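In what follows, a structure is listed as structure tokens, so that the remarks can point back to it.
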Amino acid sequence: MSGPDPLPTFAELVKRIRVAYPDFACIHVLEPATHHRFDGERETGKKNPDDSNKLLRDIWGDDGAYIANSDFGRDSAIETVEMEGGLVSFARHFISNVSKRLPVFCLLSYL
């Protein structure tokens with residue numbers, strides 16, 4: 001979903017999930033991307049400071065897992081978890097062939 005400001009819509013959705021399903025296990029959120037945006041390409045690695053799902057993270061709280069998906073590399077994933085908590089997923093880069101590429105990516109980044 002895109003639009004001039006989709007955050008209020010998603011904030012309301014997350015609030016309603018928290019109220020209606022207090023034992024809901026997790027929420028998986030696609031974080032704002034640095035490329036492939038509806039308003040055109042941007043340079044990878046340069047995020048707009050106004051693009052943030054922090055409001056969703058705050059609404060969700062610490063009761064369930066918040067899984068963020070973005071243009072994460074190993075270092076940015078670790079930094080995000082250490083600073084914000086929650087979990088990260090790597091689906092954007094590895095969805096087509098996760099069984100071969102993801103373990104190699106993490107291993108090579110670790111060495």
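Worth knowing before you read on, the calculation uses all heavy atoms, side chains too, and leaves out hydrogens, waters and symmetry mates. Throughout, numbering of the chain's residues begins at 1 and tracks the sequence. These numbers come from a predicted model, not from an experiment.
Hydrophobic cluster of Ile67: the remaining members, joined at side-chain heavy-atom separations below 4.5 Å, are Leu87, listed by chain and number. Apart from Ile78 itself, the hydrophobic cluster it occupies contains nothing, where clustering links Ile, Leu, Val, Met, Phe, Trp and Tyr at side-chain heavy-atom distances under 4.5 Å.
Looking at Leu55, Ile27, Val29, Asn53 one by one, the single match for side-chain contact (heavy atoms from CB on, under 4.5 Å) with Trp60 turns out to be Ile27.
Note on residues 16-25: pairs passing side-chain hydrogen bond (donor to acceptor under 3.5 Å, both in side chains), not counting sequence neighbours, are Glu12-Arg16, Arg18-Asp63.
A 4.5 Å side-chain heavy-atom check between Leu7 and Leu56 finds at least one atom pair inside the cut-off.
Under the side-chain contact (heavy atoms from CB on, under 4.5 Å) criterion, Ala68 pairs with Glu31, Arg57, Tyr66, Phe72, not counting sequence neighbours.
In terms of heavy atoms, Val88 sits closest to Ala77 at CG2-CB, 3.6 Å.
Put simply, CD1 on Ile59 and CZ on Phe10 are 12.5 Å apart, with the number rounded to the nearest 0.5 Å.
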